[in-house]
Amino acid sequence: MAKYWYKNAIIYSTHIETFMDSNGDGVGDFIGMSRSLDYLAGLGVTCIWLLPFFPSPNRDHGYDIADYLNVDPKFGTLGHFVEFLDAAEDRGLRVIIDLVLNHTSVDHPWFQEARRNKNSKYYNYYIWLDEKPANSHEDVIFGHHQDGNWEYDNEAGQYFYHTFYKHQPDLNITNPDVRQEIQYILHFWLKLGIGGFRMDAVPHMIRNKGNSKFDGDPFEFLRDIRSFVESQRKDAILLAEVDTEPEKYEDFFGKGDQVQMLFNFYLNNHIFLALARKSAEPIERALTKLPQTSLKEQMGTFIRNHDELDLERLTDEERNEVYDAFAPEEDMRIYGRGIRRRLAPMLRNDRHWIELVYSLLFSLPGTPVLRYGDELGMGEDLSLPERNSVRTAMQWSTEKHGGFSAFSESSLPIPTIADGDFGYQKVNVYAQMRNPNSLLNWFERIISARKECMEFGWGNFRIIKTGNASVLAHYSQWKNGCAISVHNFGDTACVVELDLSDDQRQHLIEHFADQQYDAFEPENKRLKLGPYGYRWFRKSSLFL
Ligand code: MG
C-alpha cells in the first residue's frame, strides 16, 4: 500500500523563502523550515511540496533556474537540505520538490555557453531560429510582458524560443543530451531521498516548438521520466501541472505508466463558480466530466495555489460571474484570466463559508493540496505587484515581522501583512493554537477526519440527488466501505432528502459536521443543514 501513499495524502505547499527565517537575514531558509516541521506534523499533513529553491536570479520566483543541482545559498546549503529531509522523514512527512524542465533561466551556464558558441553541445539544448516566424504569437502566457514566443539574442545573433518570460528560454526536450541532463537531475534529488516531483508546465514541454519536433509520441517523454523515477524509488510520484480539459487527463496518466497525479484545475474553477452562484450545479457538472481514477492515478484537488486563481476553464460569462463575486475591483484581477487573491478575503472572512470550502476540498474525490497560510485564513496584499499579492510571509506570532524573522530592519525583503483584519496581529499560528475554536484547530480536526475517511481518496464516487440546487451530496465507495458528504452552498438553512437505498442508509455514523445536528436516522430520509452547512457520514467499521 505504501507505494500508493498519495491516494490518501494531505499535501502542504510552501516556499522556503516565505516560511521561516532562522538566521535573521530576512529570508526564509532550510534551517527555519526544519524547525517548523513539528508544526506541520501537528497539523496532520503528510507531504510537503516545496516550491523551487535552486540557485536563480529570481526574476520569476525561482521558476527561472540557474543550477538544477544545488540550493540557492540564501536558503542554505545542500547539507541543510539533507538535514531537513531527514527531519521530515523522522516525522513521517514526505517531501516533493518542483521540477521545472520546460525552460531554464538565461543565466544558466547552458544558455550562456549556447549563446556564445554555436559549435558547443549546449547550443542545441535550446531552440533557435535566424528569422522570427510569421506566426510568432502562438502560445503567449503573460501577454502584457511578452511580445510573442521568439526573443532576439544579440550575442547569438538569433532568436530563441520561450513559452513564458523572455528571460526563460525553453529547453529542447527532443535533444537526447537534454534528456540525459534531466536524468541526472532526477537521479540526484531522488538519491537524496525526496518523495517525488511536482512537474511544472507539463503540456508545454511536450509541444513541438520551432525546429524542436518530437519523433512519434511526445508522451514517451513522460514514460521515460516515470520509468527512471520508479527505477530509483518505487514510491516516488510525479504530480503534474496540467491545466487542460478533463477529456485530455487520460493522455497524461497514460496506462498507469506516466504521471500518477494531475492537479484538478477544472474542478477548481467550477468550485469557484459554485461559490459565486451559491449553487451545487457547477461542481456536479464538473464531477460528471472527470474520469474515475484507477488504483494508480489520482487528482490533486486544491482551492488556491501560489499563482493567480486562473479561471481559464470557465466560459467568459462564467468567469465574469466569479469576478463579480470575488474580484469586483480591476486591481484584484490579473492577466485577463484570473484573480490574485487568497480565499479568506474573497469570502469576506466568513468563517462558515471558509469551512464549507475546505470541507468540500477534503471530501471531494482526490488528494487535497493546501497552500501555506490557508489553515490560518491568511489574506493578500494587493499593493504588491502581480502574484506577489499572495506570496507574503507565513504569520507565526504577533512579534515584529509576524515571528517569521528576527531581521533588524523595519521592513523585510519578503513582504508581510502587518495590519488590518488579515495582519499578523490578528491572524497568526500561536494565537490560533491557543484558541480551541480557531480555524487552525478546525483544520487539525478535519485533516484527522479525512485521513480516516480513506474512501474519499481511494474510492469511486457518484453524485447523490438531493432535490435542492444549493446542496451537493456525493458518495464514495472503496471496497466495502463508503463515505458520504453533503454541502450546502446556500447561506440559508435547509432540509434535503438524500436519494440513497435502504441498504446505503444503514449503519452510517456522522463523522464530521459544522455543528451538532440531530442524529441521522436511517428510516428518515430527510437531512438538515445549516447555512453553508456540511456533514460527513461513514459506514461504521463494525459493518464493513
Ligand atoms: Mg534566512
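Each ligand, and each atom within it, is numbered from 1 in the order the structure gives.
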Task: Plane angle bin for Tyr165 and His167 - parallel if under 30°, tilted between 30 and 60°, otherwise perpendicular - done: parallel
Open item on the list: To 10 degrees, how wide is the angle OD1 (Asp21) to the Mg ion (ligand 1) to OD2 (Asp29)?
Closed with: 90°
Task: Any N, O or S atom of Asn23 closer than 2.8 Å to the Mg ion (ligand 1) - done: yes
TODO: Give a rough value, rounded to 10 degrees, for the angle at the Mg ion (ligand 1) between atoms OD1 of Asp25 and O of Val27.
DONE: 90°
Open item on the list: If the cut-off is 2.8 Å, does any N/O/S atom of Gly26 fall short of it from the Mg ion (ligand 1)?
Closed with: no
Atom pairs and distances, side-chain donor-acceptor, residues 92-100, under 3.5 Å, sequence neighbours left out:
| from | atom 1 | to | atom 2 | distance (Å) |
| --- | --- | --- | --- | --- |
| Arg94 | NH1 | Asp235 | OD2 | 2.7 |
| Asp98 | OD1 | Arg198 | NH1 | 2.9 |
| Asp98 | OD2 | Trp49 | NE1 | 2.9 |
| Asp98 | OD2 | Tyr63 | OH | 3.0 |

Open item on the list: Heavy-atom count check: over 12 atoms from other residues, nucleotides or ligands less than 6.0 Å from Lys451 NZ?
Closed with: yes
Task: Aromatic ring proximity Trp150/Tyr161, centre distance under 6.0 Å - done: yes
